[in-house]
Undergrad: 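Have a look at the structure that comes next, please.
Just so you know, these numbers use all the heavy atoms, side chains as well, and skip hydrogens, waters and symmetry mates. Naming: A, B, ... by sequence-line order, numbering from 1 per chain.
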Amino acid sequence: MKSTTIRKQFIDYFQQELNHEFVPSAPVIPQNDPTLLFINAGMNQFKSYFLGESEPKFKRAVNSQKCIRVSGKHNDLEEVGKDNYHHTFFEMLGNWSFGDYYKPEAIEWAWKLLTEIYGIDKNRLYATVYKNDDESYDLWKKISGLPKNRILRYGEKDNFWDMGAIGPCGPCSEIHYYRGDDVKNQDPTKVNADDPNYIELWNLVFIQYNRDKNNKLTPLPKKHVDTGAGLERLAATLNNKLSNYETDLFSPIIDKIADISKVKYNKNKSGIPHRVIADHLRMLAFSIGDGAFPSNEGRGYVLRRVLRRAARFGIKLNVHEPFIYKLVPTLIDTIGEAFPEIINRQKHIQQVIKSEEKSFGLTLDKGLEIFEDIANKVKKNNNKIIQGADVFKLYDTFGFPVDLTNMLAEEKQLKINMNSFNNLMKKQKEMARSKSKFGTVKTLTLEETLEMTEKIESKKTQNSKFIGYNNFTSESNLLKQIQLDKDFYLVFDQTPFYPESGGQAGDKGEIIISGKKYFIIDTQKRNDDILHKIKSKLKISQNINPVKLIVDKENRLGSARNHTATHLLQAALREVLGDHVHQSGSFVSSKYLRFDFTHYEKIKEKDLDKILNLVNQKIIKNIPVEPKTEKYKNAIQNGVIALFGEKYSDNVRSIKVGDFSYELCGGTHVKYTGEIGPFIIKSESGVASGIRRIEAITGKRSIDSLLKYNKILTELSYIMDSPISKIASKVENVFKHRRTLKKTINRLRKKLIGYSVDEYIKSPIKINGHNLYLNIVEVNSIDELKNIGDKVREKLKSSVAIFGTVLNSTPQVLCIVTDDLVKEGINAGKIVGMIGKKLGGGGGGRPHMAIAGGKKPELLEKIISSIKEDNNIKKLL
RNA sequence: GGGGAAUUAGCUCAGUUGGGAGAGCAUCUCGAUGGCAUCGAGGGGGUCAACGGUUCGAGCCCGUUAUUCUCCA
């Protein structure tokens with residue numbers, strides 16, 4: 001059975017027969033949850049329903065959620081590929097009840113789907129329930145007819161589910177499958193015992209309690225069902241495969257890897273590289289497709305590590321060139337039908353992977369060089385062992401994989417000290433752990449935040465309504481007040497304040513409570529609550545409703561100008577550069593706009609001019625900006641630009657600017673493009689490979705900036721005595737002229753010095769059998785002083801010359817020694833060292849030329865002239 | 001969040017007791033050989049990432065910041 005069929009049957013069963021809403025998979029990159037690196041379970045996108053923070057729009061749902069797990073107890077990245085079932089990326093099939101059906105239906109439907117639709121042999125199935133969940137136990141007995149020894153009870157570890165230390169939780173019931181050969185002699189004690197023949201297929205979670213901080217369980221008013229079945233494992237089971245990698249989700253990819261590397265796939269240990277690469281490819285393609293990007297921190301760093309691990313296994317297959325990106329089309333063949341987003345972004349995904357593979361190549365090259373140095377040193381000292389510290393540094397600082405170091409060492413008949421390496425590694429881990437305990441400010445989890453929420457009115461599920469598209473003020477009622485760390489937030493039933501989202505900064509403004517004015521300095525969104533951040537500390541303990549909310553209009557209009565301008569910019573970019581331009585980050589405030597987008601090279605000046613022109617043309621045409629609420633499907637059909645990786649609901653808001661721009665957007669905009677004012681690009685730069693950034697200003701800011709430049713230009717034109725249009729070429733000429741003048745002066749001064757040099761070497765003093773010249777000279781710079789020294793050295797033999805000068809009221813002394821005397825051991829550096837000390841400073845340099853400086857210019861002449869009497873210095877001459 | 005590194009000409013990089021900013025490639029000019037280009041001579045190109053400190057003097061030492069690389073959590 002094809003995996004596509006399995007997925008489809010699952011969804012169809014719940015959607016068509018059982019009236020579930022099909023909810024498309026959320027992007028693997030969490031949208032509003034900074035604590036989560038990747039979506040790692042089907043329930044992530046429904047979390048707020050279980051927490052009671054928002055109201056679901058439907059009571060039953062079915063989905064196949066893309067999940068990524070790269071860390072955690074049960075999924076160490078380094079383990080993936082060694083066995084047949086660990087993955088970094090997998091799909092979780094699930095059906096959901098939000099306060100609707102419960103255990104009887106969930107159990108019955110799961111059983112029917114598995115046995116009747118998928119046709120799994122009942123004699124291979126087991127059900128597990130929580131130790132005191134008699135209700136589920138009885139249901140299983142009744143519905144499945146399974147004998148007693150196939151319905152098993154387990155404790156907290158296996159059959160109780162929670163989201164965290166506090167919050168919603170409940171018992172769960174799992175369905176396990178025996179896939180061994182001896183159906184008649186099964187052993188129920190091997191369920192939940194890590195036996196590869198007894199595997200978990202499906203987990204049904206029954207959420208019925210809320211656990212508070214005292215560990216007390218109180219029944220929830222509404223009970224929920226949350227189930228999860230891994231598609232990969234289901235596909236393996238239904239096709240009688242022992243390994244997920246032998247299903248049609250993986251085998252085409254593995255074949256392609258074998259094809260590229262010319263290394264056949266092997267089911268046993270030697271097939272690890274194929275499995276790793278196939279698994280990691282899926283993770284990379286989906287996370288990049290959903291908007292992640294390899295980088296050196298946070299989520300991006302996880303991507304980078306996964307990619308490098310795949311590349312490293314590529315090297316094991318003797319592939320030394322970028323190749324992972326070549327597998328993307330094959331991946332799309334296996335799974336693109338279910339997740340068309342990777343088809344739409346194929347080019348982007350491939351380009352990102354390829355460039356990252358290349359950059360890993362550079363890291364390896366660099367590491368190789370350093371390894372050669374280290375190896376040479378070891379060999380030079382007749383050693384056979386590379387120190388652990390060196391191996392560690394290679395790995396820690398330069399990212400050179402240890403297994404490669406080992407391989408290279410062996411080629412050179414060297415060994416590496418793994419013990420010492422492991423110790424250093426251990427130390428680094430300990431340090432990171434101990435430091436992070438003290439170093440971090442505690443961030444509150446969602447559940448803790450919930451605990452801290454004081455509810456003025458009991459209607460917990462009532463959320464704030466945004467009414468600010470056309471209003472700047474409102475009369476509102478306070479719903480909640482929230483304190484997070486040191487910040488205070490208020491939530492109202494309705495508000496004209498726009499909360500930060502879609503890259504637009506949150507509104508600022510005022511709030512009037514019982515005649516007293518408070519400032520709101522930011523507005524944020526959490527789930528369906530709009531949080532107004534209040535400047536001062538404020539605790540409200542009595543009913544103060546209604547209150548008056550007033551948005552800072554100028555600030556809002558500034559944001560609106562920049563927001564509409566951003567839409568025009570994106571449309572212009574696509575028109576000038578091409579359709580590959582996708583938004584990959586955007587920030588809009590009253591001050592400026594910042595737009596990040598996919599593009600693979602620096603934008604040419606010519607194109608930038610075109611873009612500027614196009615946007616400003618659209619502005620002066622004063623086109624009406626039309627917001628509209630419409631069906632998502634219709635909007636998409638009409639060619640709306642949607643954000644990639646963003647999840648939209650059925651009814652969406654779109655913004656249309658004539659026939660030029662049409663985007664999904666919840667932000668605030670101007671009514672006519674003319675309000676935007678001049679659009680000026682402040683900078684165009686690269687953010688990461690494949691991503692460019694444009695920063696621009698509009699409205700009052702751009703007008704101010706234009707006026708300012710104009711003023712400066714007018715001034716310049718006056719000073720330069722030249723029309724504005726000619727200033728540039730005139731300045732260029734002046735600089736050119738200045739350069740030639742400078743050169744001429746330098747040449748002349750050098751010549752002059754050449755003449756004056758003879759002055760300085762007229763009267764030698766005989767000392768220790770050679771000549772000493774002492775002089776006070778006049779120069780403009782240290783360079784000139786050194787020039788004199790050069791000239792003198794060229795002319796003299798067996799001489800030492802010491803020249804003093806005062807530059808910017810600091811005394812400087814130059815000493816030169818001719819080559820023959822340098823050979824005799826006379827050292828200019830030592831000589832000036834002593835003179836420098838006398839001047840209240842110091843000195844040094846090279847044996848043939850050195851400089852000293854000090855703080856006492858008035859002593860200079862005396863010191864220079866007294867050198868011939870100074871016995872300490874004479875010793876050096 | 002913590003550690004280790006890097007940042008010098010358009011590119012790749014060198015530059016140690018702190019005392020003249022360099023090489024190769026690229027570019028421009030001139031010349032020779034002579035034709036899938038090679039060689040020679042010369043030139044242009046640098047706020048040595050930014051800021052602060054120490055010092056008579058900082059590319060170099062110290063501190064802060066930024067960016068990038070890298071490992072750990």
Undergrad: What integer number of Å spans the C1' atoms of B/G40 and B/G46?
TA: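 Nearest-Å result for B/G40 against B/G46 at atom C1': 27 Å.
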
Undergrad: Between B/C48 and B/G22, how far apart are the C1' atoms? Round to whole Å, please.
TA: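 It works out to 12 Å between them.
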
Undergrad: For nucleotides B/A50 and B/A6, find the distance between their C1' atoms and express it as a whole number of Å.
TA: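 Pairwise C1' distance, B/A50 against B/A6, rounds to 16 Å.
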
Undergrad: So, A/Tyr395 versus A/Phe400, ring centres under 6.0 angstrom or not?
TA: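 No - the distance between ring centres of A/Tyr395 and A/Phe400 does not fall below the 6.0 Å cut-off.
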
Undergrad: Looking at B/G1, which nucleotide sits across from it as a Watson-Crick or G-U wobble partner, both distances under 3.5 angstrom, or is there none?
TA: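 In the structure as shown, B/G1 has B/C72 as its Watson-Crick or wobble partner.
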
Undergrad: Would you compute the distance between atom CG of A/Leu877 and atom CD1 of A/Ile826 and round it to the nearest 0.5 angstrom?
TA: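 It is 6.5 Å, given to the nearest 0.5 Å.
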
Undergrad: Output, in order, the C-alpha distance, side-chain angles, deciding distance and verdict of side-chain hydrogen bond (donor to acceptor under 3.5 Å, both in side chains) for A/Thr818 and A/Asp820.
TA: CA-CA 6 Å; A/Thr818 53; A/Asp820 53 335; 2.7 Å; yes

Undergrad: Under a 3.5 Å limit for both distances, which nucleotide forms a Watson-Crick or G-U wobble pair with B/A41, could you say?
TA: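 Matched B/A41 with B/U29 under the 3.5 Å cut-off.
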
Undergrad: Contact class for A/Ile851 vs. all strands (heavy atom < 4.0 Å): base, sugar-phosphate, or nothing?
TA: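 It contacts base atoms.
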
Undergrad: I'd like a list of close polar pairs between nucleotides 52-55 of chain B and the protein, N/O only, cut-off under 3.5 Å.
TA:
none

Undergrad: With C1' as the reference atom in both, quote the distance from B/A9 to B/G2 in angstrom, rounded to an integer.
TA: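 It comes out at 37 Å once rounded to the nearest Å.
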
Undergrad: Report the base-pairing partner of B/G35 (Watson-Crick or G-U wobble, both distances below 3.5 angstrom), or none.
TA: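 Partner of B/G35: none found under 3.5 Å.
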
Undergrad: Quantified in whole Å, what is the P atom distance between nucleotide B/A41 and nucleotide B/G57?
TA: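 Pairwise P distance, B/A41 against B/G57, rounds to 41 Å.
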
Undergrad: Once you round to the nearest 0.5 Å, how far does CD of A/Glu411 lie from CE of A/Met407?
TA: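 A/Glu411 atom CD to A/Met407 atom CE measures 6.0 Å (nearest 0.5 Å).
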
Undergrad: Give me the distance, rounded to whole Å, that separates B/C13 from B/A21 when you measure between the C1' atoms they each carry.
TA: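 B/C13 and B/A21 have their C1' atoms separated by 14 Å.
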
Undergrad: Which one of A/Lys82, A/Arg309, A/Glu78 satisfies the side chain to side chain contact (heavy atoms under 4.5 Å, CB included) criterion with A/Val276?
TA: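 Exactly one option meets the side chain to side chain contact (heavy atoms under 4.5 Å, CB included) with A/Val276, and it is A/Arg309.
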
Undergrad: Under a 3.5 Å cut-off for both contacts, is B/C60 paired Watson-Crick or G-U wobble with anything, and if yes, with which nucleotide?
TA: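 Across any shown strand, B/C60 pairs with none.
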
Undergrad: Students often get this wrong, so: under 4.0 angstrom with heavy atoms, is A/Thr363 touching a base, only sugar-phosphate, or nothing?
TA: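 Sugar-phosphate, no base atom in range.
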
Undergrad: When you compare B/A58 with B/G18, how far apart are their C1' atoms, in angstrom units rounded to a whole number?
TA: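 Straight-line distance between the two C1' atoms is 6 Å.
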
Undergrad: Pairing donors with acceptors under 3.5 angstrom, does anything connect the side chains of A/Ser781 and A/Asp783?
TA: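 Short answer, no.
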
Undergrad: Can you find an N or O donor on one side and an acceptor on the other, under 3.5 Å apart, linking the side chain of A/Gln812 with the base of B/G57?
TA: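 Not at all, since no donor on one side and acceptor on the other fall under 3.5 Å apart.
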
Undergrad: Touch check for A/Gly845, heavy atoms < 4.0 angstrom, all strands: base, sugar-phosphate only, or nothing?
TA: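 Result for A/Gly845 = base.
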
Undergrad: Please state the C1' separation for the pair B/C56 and B/A49 - nearest whole angstrom.
TA: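 These two C1' atoms come out 27 Å apart once rounded.
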
Undergrad: Going by purine N1 to pyrimidine N3 plus the second Watson-Crick contact, or the G-U wobble pair, all under 3.5 Å, which nucleotide sits opposite B/U17?
TA: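 Its partner: none found.
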
Undergrad: Phosphate oxygens OP1/OP2 of B/G4: is one of them under 4.0 Å from a side-chain N or O of A/Tyr395?
TA: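 No.
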
Undergrad: Quiz question: by atom type and distance under 3.5 Å, do the side chains of A/Gln583 and A/Asp596 form a donor-acceptor pair?
TA: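 Checked: A/Gln583/A/Asp596 side chains show no N/O donor-acceptor pair below 3.5 Å.
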
Undergrad: Of the nucleotides B/G3, B/C72, B/C13, which has the atom closest to the A/Lys366 side chain?
TA: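 Of the options given, the side chain of A/Lys366 lies nearest B/C13.
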
Undergrad: Base, sugar-phosphate alone, or nothing: which one does A/Gly836 contact when heavy atoms must sit under 4.0 Å apart?
TA: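 No contact.
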
Undergrad: If you compare every side-chain N and O of A/Arg433 against the phosphate oxygens of B/G1 (OP1, OP2), does one of them come in below 4.0 Å?
TA: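 Answer is no, no contact under 4.0 Å.
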
Undergrad: Go through A/Phe323 and A/Tyr325 one step at a time and tell me if the ring-ring contact (aromatic ring centres under 6.0 Å, His included) criterion holds.
TA: CA-CA 5 Å; A/Phe323 74 102; A/Tyr325 76 98; 8.7 Å; no

Undergrad: Considering every strand shown, what is the Watson-Crick or G-U wobble mate of B/U54 when both distances are under 3.5 Å?
TA: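 Answer to the pairing question: none, since B/U54 forms no Watson-Crick or G-U pair.
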
